[in-house]
Amino acid sequence: MSKRALSVTREQSFPEWYQEAVRDGDMAEQSPVRGCMIIKPWGWGVWERVQAELDQRIKDTGHENCYFPLFIPMSFIAKEAEHVEGFAKEMAVVTHHRLKNEGGKLVLDPDAKLEEPLIVRPTSETIIGDAFQRWVKSYRDLPLLINQWANVVRWEMRTRLFLRTAEFLWQEGHTAHADREDAMAETRKMLEVYREFSETVLAMPVIAGEKPANERFPGADNTYSIEAMMQDGKALQAGTSHYLGTHFAEAQNIQFQNQDGKLTFCHTTSWGVSTRLIGGVIMSHGDDDGLRMPPKIAPRQIVIVPMLRDKPEDAELKAYCAELEAELKAQGIRVLVDLKPIKSAEKRWNWVRRGAPVIIEIGGRDAAGGNVTFMRRDKLRDGDKVISHTQARAEFVAGARTLLEAIQDGLFAEAKARLDGNIVTTMTTFADLEAYYGATAGDEEGGEFKGWAGVMWAKPEGPALETVAERLKALKLTIRNAPLDQPPVEGKTCLFTGEPAKEYVLIGRSY
RNA sequence: CGGAGCGUAGCGCAGCCUGGUAGCGCACUUGCUUCGGGAGCAAGGGGUCGGAGGUUCGAAUCCUCUCGCUCCGACCA
């Protein structure tokens, strides 16, 4: 019984393992439209949990939800120069409003061409800014704190389920403030919301920090991110928060009268996380048997599989399971009795692949003895052997919430150990970096686990920064961020130039 | 968008070189047996071989084009 629930192990090929984990875990599948995905009920359930948890935090920090149009006039996008530059290459454009039937063939009706093409939003700074310009008149209107849950489209060349898709779902927060200090505080506050959310809800430890200038959002003065380490050592940018300065305010005339009656430009921010987080959860916690869902986002935290035998005794078994279900529900636990008429062994492995945190199997003997036999998805096996536990029903029910908490904490601890244990901080020269990453810079299958490097640098700007980026690129590396939590830099030297160091940054390969 | 590979049943694949209108395993259906677990036997159902052209008496197989997927690269909040 050494069989694994997936046919490819992470070791053999992490990319292939990921695909299979997503598919066999019933999360999502490819759609008929290139680069877009169908999110299946189990995957959607996870997203609903993400939305519920994060939405609460967004509201608790004073933001209100609203909704802006999917279509953005092309002229809007053109307003902020860097913004255009950053997004022009990947925008979907609507040019017609009618089709015509020509000899049985549908064609674009040339008489129905739009005067001004509409962009399918890649992000909503410009259309929300347009509203802000009308909404903000006085300092009394500030701060203006808005969020929306929406889908956006970016025509990506290379897509991967959840991690990078042409259409994806996200929340985007947009705020306007009276001054830099207030806007910057907002930017940092939301970054912290993301960090706390990622760690406590997704059990995904991250490092919050500021992106280097060359990795900034087009049109931002400062971009901050949370970066998570996947099981192959690569970094995943899991959330971003931007201080936009007055760029968009100036481009869109978002002004207010201050206490002195003077017209002043607002300072704006934007911040977002997307369905990419789900890819992060999969690559953080999954194992060779499939997904492992943190209980806080598992659509079903406990799944009960009755071992039905198509005999009269089944009725008793079902009744026993229904009682157990009711008791667990009373504890506030999301529970499902899987009565689907397929073999129980098959059901067990389906739930293993989906990553249900606790899988209970109830047979006649359990029912008769008043027991519960269960498996923890986080600690499924001892070696190759599947571990199952048996407890008195009352005892299990009483401890169920604690058990789920233990699983949540265990997944976090495991991921945290990986993150903390795989940031090398001893490199001081570029040669060190080359020696460490260079050996596996090739494109051989799998690729050895390398993690990140935490190094000192002089924080160059302009052409000097470009040079650094180029040198890193040769090793397929990028600067992920400069952690907010900075070690002392005095007496340290820049890894790239040998000049006195100004900042500690994390370097790694990324998604 | 460049390089490479791959599209044949829901999934994984064989067949293609050496054209003669499809096959295997798992899954699925039915029956019997089994039953603390990813079961056995038997009988079945399911595919316009990604799509479009072409060559040919005949194309999954040869040629051209096209679409999609995967990996690598470029690009990328």
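Just so you know, these numbers use all the heavy atoms, side chains as well, and skip hydrogens, waters and symmetry mates. Each chain gets a letter, A, B and so on, in the order its sequence line appears, and its residues count up from 1.
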Spacing of [X] atom [atom1] relative to [N] atom [atom2], expressed in whole Å:
{"X": "A:Glu346", "N": "B:C11", "atom1": "CD", "atom2": "P", "value": "16 Å"}
{"X": "A:Glu90", "N": "B:C1", "atom1": "CD", "atom2": "C1'", "value": "13 Å"}
{"X": "A:Asp310", "N": "B:U34", "atom1": "CG", "atom2": "C1'", "value": "13 Å"}

Find the partner of [N]: check Watson-Crick (N1-N3 plus N6-O4 or O6-N4) and G-U wobble (N1-O2, O6-N3) distances, both under 3.5 Å, and reply none if neither fits.
{"N": "B:U61", "answer": "none"}
{"N": "B:A4", "answer": "B:U70"}
{"N": "B:A39", "answer": "B:U33"}
{"N": "B:G44", "answer": "B:C28"}
{"N": "B:C16", "answer": "none"}
{"N": "B:U56", "answer": "none"}
{"N": "B:U21", "answer": "none"}
{"N": "B:C75", "answer": "none"}

Given the [atom1] atoms of [N] and [M], what is the spacing between them in whole Å?
{"N": "B:C62", "M": "B:U29", "atom1": "P", "value": "37 Å"}
{"N": "B:G45", "M": "B:G25", "atom1": "P", "value": "15 Å"}
{"N": "B:A74", "M": "B:G3", "atom1": "C1'", "value": "11 Å"}
{"N": "B:G19", "M": "B:U61", "atom1": "C1'", "value": "6 Å"}
{"N": "B:C72", "M": "B:A59", "atom1": "P", "value": "39 Å"}

Cationic N near anionic O, under 4.0 Å, [X] to [Y]:
{"X": "A:Arg377", "Y": "A:Asp287", "answer": "yes"}
{"X": "A:Lys211", "Y": "A:Glu227", "answer": "yes"}
{"X": "A:Arg10", "Y": "A:Asp232", "answer": "no"}

Base, sugar-phosphate, or nothing: which does [X] touch, judged by heavy atoms less than 4.0 Å apart?
{"X": "A:Ser270", "answer": "nothing"}
{"X": "A:Gly272", "answer": "nothing"}
{"X": "A:Arg276", "answer": "nothing"}

_I want to check a possible cation-pi pair here: A:Arg471 against A:Phe430, using under 6.0 Å from ring centre and within 45° of the ring axis as the test._
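Satisfied, under 6.0 Å and within 45°.
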Would A:Arg180 and A:Tyr243 count as a cation-pi pair here, with the cationic atom under 6.0 angstrom from the ring centre and within 45° of the axis?
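Judged by the rule (NZ or CZ under 6.0 Å from the ring centre, within 45° of its axis), A:Arg180 counts as positioned above A:Tyr243.
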On the nucleotide [N], are OP1 or OP2 found under 4.0 Å from the side-chain N or O atoms that [X] carries?
{"X": "A:Arg309", "N": "B:C35", "value": "no"}
{"X": "A:Lys343", "N": "B:G38", "value": "no"}
{"X": "A:Lys473", "N": "B:C75", "value": "yes"}
{"X": "A:Gln30", "N": "B:U70", "value": "yes"}
{"X": "A:Arg23", "N": "B:G12", "value": "yes"}

message = Using only modelled atom types and a 3.5 angstrom limit, is any donor from either the side chain of A:Arg158 or the base of B:C1 paired with an acceptor on the other?
response =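 A donor-acceptor contact between them is absent.
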Calculate, to the nearest 0.5 Å, the distance between atoms OG and CZ belonging to A:Ser225 and A:Arg480 respectively.
->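 Here the interatomic distance stands at 7.0 Å.
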### Message
Let me spell it out: for each of A:Thr223 and A:Lys311, pick the nucleotide of RNA chain B with the closest heavy atom. Which residue's pick is nearer the 5' end?
### Response
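Counting from the 5' end, the first nearest nucleotide belongs to A:Lys311.
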Identify, between A:Cys36 and A:Glu125, the residue whose nearest nucleotide on RNA chain B lies closer to the 5' end.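 Result: A:Cys36.
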Quiz item: Does a donor on one side chain and an acceptor on the other come within less than 3.5 Å for A:Thr390 and A:Asn371?
Solution: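 No, no side-chain donor-acceptor contact under 3.5 Å.
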